[in-house]
Asks: 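Encoded as structure tokens, here's the structure I'll be asking about.
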Amino acid sequence: MSSLVPLDPSLPPFLQPYLPRDVSDSSFPFILLTWAQSLDSRISLEPGVQTIISSKQTKTMTHYIRTQFSGILIGIGTFLADDPGLNCRYGNANSIRPIIVDPHFRSREKLKTSRLVRQVNEKTGLVPIILIDENLKDSVCSLGDFLKGTVQLEFLPTDNSGRFNWTRLFQRVRSIGIGSVMVEGGGSIINNLLLSKRENGEPIIDAIVVTIGPRFLGAKGTEVSPLHSVELKDRKWWAGDCGDAVFAGRVA
Ligand SMILES: NC(=O)C1=CN([C@@H]2O[C@H](COP(=O)(O)OP(=O)(O)OC[C@H]3O[C@@H](n4cnc5c(N)ncnc54)[C@H](O)[C@@H]3O)[C@@H](O)[C@H]2O)C=CC1
Ligand SMILES: Nc1nc(O)c(N)c(N[C@@H]2O[C@H](COP(=O)(O)O)[C@@H](O)[C@H]2O)n1
């Protein structure tokens with residue numbers, strides 16, 4: 001777990017237009033897609049391998065962004081690879097709710113020894129929500145006291161290929177009372193969400209913030225590259241003396 005440094009004062013005004021707006025009258029949360037990648041668009045050295053790309057300065061930025069959101073979502077691949085904290089080390093650790101997209105409930109065993117559950121027991125993190133295929137509801141419920149009080153299981157329908165519909169997923173998240181979601185990855189989730197649209201044709205995501213670290217991770221790495229091109233608008237860059245650059249924008 002890397003330590004944080006003082007936040008660069010130029011970052012809050014740079015990020016401000018891409019942070020949550022009021023959604024109290026909406027059935028959809030505000031959604032930010034954010035990740036850290038290499039110059040060759042890789043987010044890890046290999047799938048399943050946790051890889052530090054952000055410098056201390058931009059890692060601090062990520063934790064600052066977490067202070068602005070009520071939920072933080074990752075895929076099961078990231079949970080299994082990183083055993084992440086998904087809490088907020090810059091501000092109030094108990095301000096953000098972890099959400100894991102895990103249709104087959106592959107997190108079942110690892111959760112027991114995970115940082116997420118440890119943090120709940122130590123009161124340094126909120127109870128994580130695990131999103132599971134509703135076809136597994138009966139078998140999962142028969143686990144009885146399994147992780148009672150330290151995880152919240154939510155069951156959602158899946159399509160023929162076992163995937164959740166993103167619109168329905170985020171509507172469910174909103175109905176739980178989460179008004180803003182920071183999606184941190186991994187590759188499969190990012191590539192998918194960059195292309196996803198709401199029922200009215202608007203992009204699912206409201207904004208993206210990408211940290212770019214000055215290194216190459218190589219062709220074996222987990223790649224961020226959606227199936228087809230994505231045009232962006234409201235584009236801005238920030239460069240720090242740490243060597244990283246940060247891109248912020250919206251899907252056009
Ligand atoms: N540098 C960075 O900022 C980050 C890096 N990572 C890295 O990324 C790697 C993990 O990425 P991936 O392997 O792509 O895993 P992932 O975290 O994107 O999870 C993929 C899994 O999520 C589930 N999933 C995705 N979309 C779904 C949908 N619509 N409905 C139902 N289930 C769905 C599927 O089970 C799929 O196998 C790890 O090495 C991790 O360290 C992860 C997050 C951020
Ligand atoms: N911002 C950022 N920079 C990197 O270099 C990273 N590898 C990641 N990964 C994401 O952060 C999560 C782990 O962070 P915490 O343990 O919660 O502090 C990890 O799961 C990825 O989502 N992010």
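Remember, predicted model here, so these are calculated numbers, not experimental data. Ligands are counted one by one from 1 in listed order, and the atoms in each one are counted from 1 as well. We count residues from 1, following the sequence as given.
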Asks: Quick one: does Thr51 get an N or O within less than 3.5 Å of an N or O on ligand 2?
Replies: yes
Asks: Look at atom 40 (C) of ligand 1 and find which of Asn192, Asp82, Thr51, Val183 reaches it with the closest heavy atom.
Replies: Asp82
Asks: Return yes when Met61 approaches ligand 2 closer than 4.0 angstrom through a heavy atom, no otherwise.
Replies: no
Asks: Against ligand 2, does Gln37 come closer than 4.0 Å with any heavy atom?
Replies: no
Asks: Could you state the interatomic distance from CE (Met182) to OG1 (Thr67), rounded to the nearest 0.5 Å?
Replies: 9.0 Å
Asks: Please confirm whether Pro84 comes within less than 3.5 Å of ligand 2 when only nitrogen or oxygen atoms on both sides are compared.
Replies: no
Asks: Taking distance alone, with N or O pairs closer than 3.5 Å, would you say Pro47 contacts ligand 1?
Replies: no
Asks: What protein heavy atom sits nearest atom 9 (C) of ligand 1, and how far away is it?
Replies: Thr222 OG1, 4.0 Å
Asks: Any non-hydrogen side-chain atom of Thr62 less than 4.5 Å from a side-chain atom of Glu184?
Replies: yes
Asks: Which residue and atom name correspond to the protein heavy atom nearest atom 19 (O) of ligand 1, and how close is it?
Replies: Gly77 N, 3.2 Å
Asks: When you measure from atom 3 (O) of ligand 1 to every protein heavy atom, which one gives the shortest distance, and what is it?
Replies: Ala36 N, 2.8 Å
Asks: Angle between ring planes, Phe69 versus Phe30, binned at 30° and 60°: parallel, tilted or perpendicular?
Replies: tilted
Asks: Using a 4.0 Å heavy-atom cut-off, say whether Ser54 meets ligand 2 through its side chain, its backbone, both or neither.
Replies: both
Asks: For atom 10 (C) of ligand 1, what is the closest protein heavy atom, and at what distance to 0.1 Å?
Replies: Thr78 OG1, 3.6 Å
Asks: Quick one: nearest non-hydrogen protein atom to atom 36 (C) of ligand 1, plus distance?
Replies: Ser188 OG, 4.2 Å
Asks: Can you confirm whether Ile72 sits close enough to Arg66 that some side-chain heavy atom of one is under 4.5 Å from a side-chain heavy atom of the other?
Replies: yes
Asks: What residue and atom, counting heavy atoms only, is the protein's closest point to atom 32 (N) of ligand 1, and at what distance?
Replies: Pro103 CG, 3.3 Å
Asks: Report the nearest protein non-hydrogen atom to atom 26 (N) of ligand 1: residue, atom name, distance rounded to 0.1 Å.
Replies: Arg163 NH2, 2.9 Å
Asks: Is there a side-chain contact between Leu39 and Ile212 (heavy atoms, below 4.5 Å)?
Replies: yes
Asks: For Gln50, is at least one N or O under 3.5 Å away from an N or O on ligand 2?
Replies: no
Asks: Geometry only, no angles: is Ile74 polar-contacting ligand 2 at N/O separations under 3.5 Å?
Replies: no
Asks: So if I count the atoms of ligand 1 from 1 in the order they appear, which ones are less than 4.0 Å from some heavy atom of Glu46?
Replies: 39 (O)
Asks: By number and element, which atoms of ligand 1 are closer than 4.0 Å to a non-hydrogen atom of Ser44?
Replies: 39 (O)
Asks: Say whether Ile53, considering both its backbone and side-chain N or O atoms, lies within less than 3.5 Å of an N or O atom on ligand 2.
Replies: yes
Asks: Measuring from atom 14 (O) of ligand 2, which candidate in Glu184, Lys59, Met182 has the nearest non-hydrogen atom?
Replies: Lys59
Asks: I want to confirm something. Looking only at heavy atoms, which of Ile43, Asp82, Leu73 is nearest to atom 20 (O) of ligand 2?
Replies: Asp82
Asks: Please identify which atoms of ligand 1 are closer than 4.0 Å to at least one heavy atom of Ala81.
Replies: 38 (C)
Asks: What residue and atom, counting heavy atoms only, is the protein's closest point to atom 24 (N) of ligand 1, and at what distance?
Replies: Val101 CG1, 4.0 Å
Asks: Record the part of His104 in heavy-atom contact with ligand 1 below 4.0 Å; permitted values are side chain, backbone, both and neither.
Replies: neither
Asks: Which option, Gly48, Gly187, Gly213, Gly162, owns the non-hydrogen atom nearest atom 11 (O) of ligand 1?
Replies: Gly187
Asks: Counting only heavy atoms, which portion of Trp166 has something under 4.0 Å from ligand 1: side chain, backbone, both, or neither?
Replies: side chain
Asks: State the atoms of ligand 1, each with its element, that fall below the 4.0 Å cut-off from a heavy-atom position in Gln50.
Replies: 41 (O)
Asks: My understanding is that we take every heavy atom of each candidate and find the minimum distance to atom 35 (O) of ligand 1. Doing that for Ile74, Ile100, Ile76, Ile53, which one comes out nearest?
Replies: Ile76
